[in-house]
Amino acid sequence: MRHHLILRVITKLLVGPIILYGLYVQFHGDFSPGGGFQAGVIIAVAFILYGIVFGLRAVQAALPAWIVHRLVALGVLVYAGVGVLNMFAGYEFLNYGAFDPGHPSHGQHLGILWVEAGVGITVTGVMIAIFYAFAGRPPRMGDDDW
Amino acid sequence: MMFLVTLIALFVAMALVLCRLYLGPIVYDRVLAANFFGTATVLFIAVLGFFAGRPDFLDIALLYALINFAGTIAVLKFFRYRALGDARPEVD
Amino acid sequence: MDLVVDVLSWVCLLGGSFFTIVGALGIVRLPDFWARLHASSVAESGGMILIILGLCLQAGWGLITVKLIIIGIFLFITGPTSTHAIANAALVTGWRPKLGKGVTQKDTPPFSDLEKPTVRG
Amino acid sequence: MAETIINVVLFSMLVMTALAIVRLERLFAIVMLAGVFSLLTAMLFVTLDAVDVAFTEAAVGAGISTVLYLGTIALTSRGCKPPSRPNTVPLLVCIATGAVLVWGTLDMPNFGDAEAPAQVHVGPYYLTESVEEIDVPNVVTSILASYRGFDTLGEVAVVFTAGIGVLLIISQMRGWGRREEEEEEDS
C-alpha cells in the first residue's frame, strides 16, 4: 500500500493509542472491565493493523517472528512460574501468598497482576504469530477463481 | 427519556442498515454497511451506558472506536491486493 | 441552568438521531454504491458528533466526558478514513459510477485500465 | 420494560443475521455478516451487564476474527461448495436436538433468580469475601485470576496449544519446511 498516504498517516496515528489502550486494559483490569486476554488481543490488533497497511516486512522489522514465537511460550512460563514460585515459598500452587507474606491481600493483588501479565503475553504472541503465519503464505487462489 | 429516544433511533438505523447488508449487490456495499453498523454500535453502547446509569460501558465503546478500523482496512487491503501480507508485485 | 443543559442535550440527541436515521435510510434507498457513500458519512460524522455532544452535556465535567471526547475524536478520524479506503478500493477494482445522460465513459478520468470489475459480489 | 424491549430487538436482529449467514453463498458477505453478528452479541452482553465478556467479544470479534477469516479465505477459496447430498436428515437431527434443548430450558430457573443453584453455591462467598481476601474492586478479575487460577492456567495452555498448532500447520518455519523437502526427496 505504498500510495495510500491517508491510510499510512492515520495508521501511524492510531497504532500508538491502541497499544496504550491495551496497556490500560491490562493493568487497570482489576479496577474496571478487562484483563490479560482482552489486552493481549488489543495489542495484537495494533501490530496487525500496522502489518496490513505497511506490509509484513515492515512489521517484522519492528517485531521479528522469533521474538513472537518466544512470547507465546513466555506467557505460559510466567503464569506457571508464579505458581511454582509459591510452591517453593511454602504455599499452595497459585496461592499468591509468597509475594507479601505479612499482608495476604497485597500478595493476592500482586499475584493477579503477574498472572494477568502472563495471560496477556501469551495471547498477544499467539494472535500476532497466527497473523504472521497467514500473511506470510502466498495466496492459493488463481485469478480465475477470483 | 432522551436516551431511550436515541436508543430507538439507533435501533431503527441498525435495522435499516442490516437490510442493506443482506441485499448489498456488491461487496463494497456490505463493507460500507458493516462500517456504519460499527459506528452505530459504538454510539449504542455509549448511550446504553447512560441509560442504565453505568458509564463504565464507555470502555467498550472506546475499544470499538479504536478496533473497528482494523477490520475494515483488512477487508479492503484483501480486496485490492488479494493478500493480507505483502502485495504481489504485479498487482501493486 | 440545568434546564438549559437539558434542552441543549435534547436538541443534540434528537438531531443526532435524525441524522443517523437519515443516513441509514440513504444507505438503503439510494440507487448505487457511490451515492450510498455520501449517505454513510452524514450519519457517521454528523450524527455521531451530535450524539456524543449530547452525552457530554449530560455527563458534566469529569472522566466520562474526557472518554466521550476521545471516542468522538477517534470516530471522527477513522470514519472518513474507512470511507475513503472503501471508495478507493472500489474504484481501483474497476467499479464505476452510473453515468448521467449525455456523459460517456471517456469524459471520466481513467483511474485504472481495468475494463470490468475484478471483484464480484 | 425498556430492557426487555432492547433484548427482544437485539435477539431478533441476531436471529435474522444468523439466517442470512446460512442463506448466503458468497464467503466475503458472510465474513461481513459474521462481524455484525459479533457486534450484536457484544451489545447483548452489555445489556445483560456482562461487561467483561462483552469486552472479550468486542476485542476478538471486531478486530481479530475478520482478519483470520480473510486469511483463511485467501488460502482456500472464496465460494462455498454446494452440498453433495440432500441435507434433510441433518436438518431433522438439528431440529430434534434444538427442540430437546429448548425443552430442557423449561426446567431452568429464571434469569436473575436469587434461588438458582448458580447463585447459592460459591457465588455469595466470592462476592462477600473477595473484598477481604483479595481486595480487588473487579470481582470478575479476582475470581478468574485467584479463586479460579487453575482454570485460567488451563485456558492459557489451550491458547498456547492452539497457537502452536496453527504455527505447525500453516506457517513456513524453517525446520518444518526442511522435513517436508526431505520427505519429498524420499518419495
Side-chain angles (χ1 to χ4, degrees), chain B residues 1-3 5-10 12-21 23-33 35-40 42-47 49-50 55-56 58-59 61-73 75-82 91, chain C residues 6 9-10 12-14 16-29 32-34 36-37 39-40 43-45 47-48 51-52 54-55 58-59 62-64 67-68 70-79 81-83 85-90 92-93 95 117-121:
Chain B
M1 187 59 200
M2 61 178 108
F3 301 130
V5 172
T6 318
L7 283 183
I8 292 171
L10 285 172
V12 173
M14 281 182 201
L16 288 172
V17 167
L18 274 184
C19 296
R20 175 52 66 197
L21 203 63
L23 299 174
I26 66 174
V27 74
Y28 298 107
D29 280 318
R30 293 199 165 100
V31 182
L32 191 67
N35 199 21
F36 186 106
F37 202 92
T39 311
V42 175
L43 294 177
F44 178 87
I45 293 176
V47 178
F50 278 81
D56 52 334
L58 278 182
D59 279 352
L62 181 52
L63 172 67
Y64 266 129
L66 282 172
I67 281 190
N68 241 335
F69 185 63
T72 310
I73 296 304
V75 173
L76 298 172
K77 161 112 188 204
F78 188 70
F79 288 139
R80 246 199 93 169
Y81 298 108
R82 305 182 188 186
V91 189
Chain C
D6 267 1
S9 54
W10 261 109
C12 284
L13 286 176
L14 278 185
S17 312
F18 173 74
F19 279 126
T20 315
I21 290 184
V22 166
L25 264 181
I27 283 190
V28 176
R29 291 284 300 156
D32 79 331
F33 167 70
W34 304 97
R36 286 175 206 137
L37 274 176
S40 140
E44 273 192 356
S45 297
M48 180 274 294
I51 289 181
I52 296 276
L55 292 181
Q58 277 297 304
L63 183 64
I64 296 172
K67 275 186 190 169
L68 277 172
I70 293 175
I71 292 174
I73 289 174
F74 280 125
L75 282 180
F76 190 69
I77 294 173
T78 55
T81 313
S82 313
T83 315
I86 295 171
N88 187 292
V92 169
T93 44
W95 293 93
T118 52
V119 177
R120 298 178 307 268

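Scope of the values below: all heavy atoms of this structure, side chains included, with no hydrogens, waters or symmetry mates. The sequence lines fix the lettering, A, B, ..., with proteins before strands; numbering per chain opens at 1.
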(message) With rounding to the nearest 0.5 angstrom, report the OG to CG distance, C:Ser9 to C:Leu14.
(response) 9.5 Å
(message) I need the C:Gln58 CD to C:Leu13 CG distance, nearest 0.5 Å.
(response) 7.5 Å
(message) Using heavy-atom distances under 4.5 Å, tell me whether C:Leu25 contacts chain B through its side chain, its backbone, both, or neither.
(response) both
(message) Heavy-atom cut-off 4.5 Å, strictly under: side chain, backbone, both or neither for B:Leu43 against chain C?
(response) side chain
(message) What part of B:Thr72 gets within 4.5 angstrom of chain C, counting heavy atoms only: side chain, backbone, both, or neither?
(response) side chain
(message) Does any backbone or side-chain atom of B:Leu32 lie under 4.5 Å from a heavy atom of chain C? Answer side chain, backbone, both or neither.
(response) both
(request) To the nearest 0.5 Å, tell me how far B:Leu58 CG sits from B:Leu63 CG. (result) 12.0 Å
(request) Indicate the atoms forming the closest heavy-atom contact of C:Gly79 with B:Asn35, along with that distance. (result) O-ND2, 4.4 Å
(message) Between C:Ile51 and chain B, with a heavy-atom cut-off of 4.5 Å, which part of the residue counts as in contact: side chain, backbone, both or neither?
(response) side chain
(request) Counting only heavy atoms closer than 4.5 Å, note whether C:Ala87 contacts chain B via side chain, backbone, both or neither. (result) neither
(message) Using heavy-atom distances under 4.5 Å, tell me whether B:Phe36 contacts chain C through its side chain, its backbone, both, or neither.
(response) both
(message) With a 4.5 angstrom heavy-atom cut-off, is it the side chain or the backbone of B:Leu10 that approaches chain C, or both, or neither?
(response) side chain
(message) To the nearest 0.5 Å, what is the distance between CE on B:Met14 and CG on B:Leu21?
(response) 12.5 Å
(message) Testing the basics here: between B:Asn68 and B:Gly38, what is the closest heavy-atom pair and its distance to 0.1 Å?
(response) ND2-CA, 3.1 Å
(message) Less than 4.5 Å apart, side chain to side chain, heavy atoms only: is that true for B:Pro25 and B:Arg30?
(response) no
(message) Shorter than 4.5 Å, heavy atoms on both sides: which option in C:Arg36, C:Lys67, C:Arg29 has the most such pairs with chain B?
(response) C:Arg36
(request) Taking all non-hydrogen atoms of both residues into account, name the closest pair between B:Arg20 and B:Ala33 and its distance. (result) CG-CB, 4.2 Å
(request) Select, from B:Ile8, B:Leu23, B:Leu7, B:Val47, the one with the greatest count of heavy-atom pairs under 4.5 Å involving chain C. (result) B:Val47
(request) To the nearest 0.5 Å, tell me how far B:Thr6 OG1 sits from C:Trp10 CH2. (result) 7.5 Å
(message) For the interface with chain B, which of C:Phe74, C:Phe33, C:Phe18 has the highest count of heavy-atom pairs at distances below 4.5 Å?
(response) C:Phe33
(request) Give the member of B:Val12, B:Thr39, B:Asp29, B:Val17 that has the highest number of heavy-atom pairs under 4.5 Å with chain C. (result) B:Asp29
(request) Name the member of C:Ile27, C:Ile64, C:Ile21, C:Leu55 that forms the most heavy-atom pairs with chain B at distances under 4.5 Å. (result) C:Leu55
(request) Decide if atom CZ of C:Phe19 counts as having more than 12 heavy atoms of other residues, nucleotides or ligands within a radius under 6.0 Å. (result) no
(request) Under 4.5 Å heavy-atom distance to chain C, tell me which part of B:Val31 shows up: side chain, backbone, both or neither. (result) both
(message) Quick check for you: among C:Ile52, C:Leu68, C:Val22, which has the greatest number of heavy-atom pairs under 4.5 Å with chain B?
(response) C:Leu68
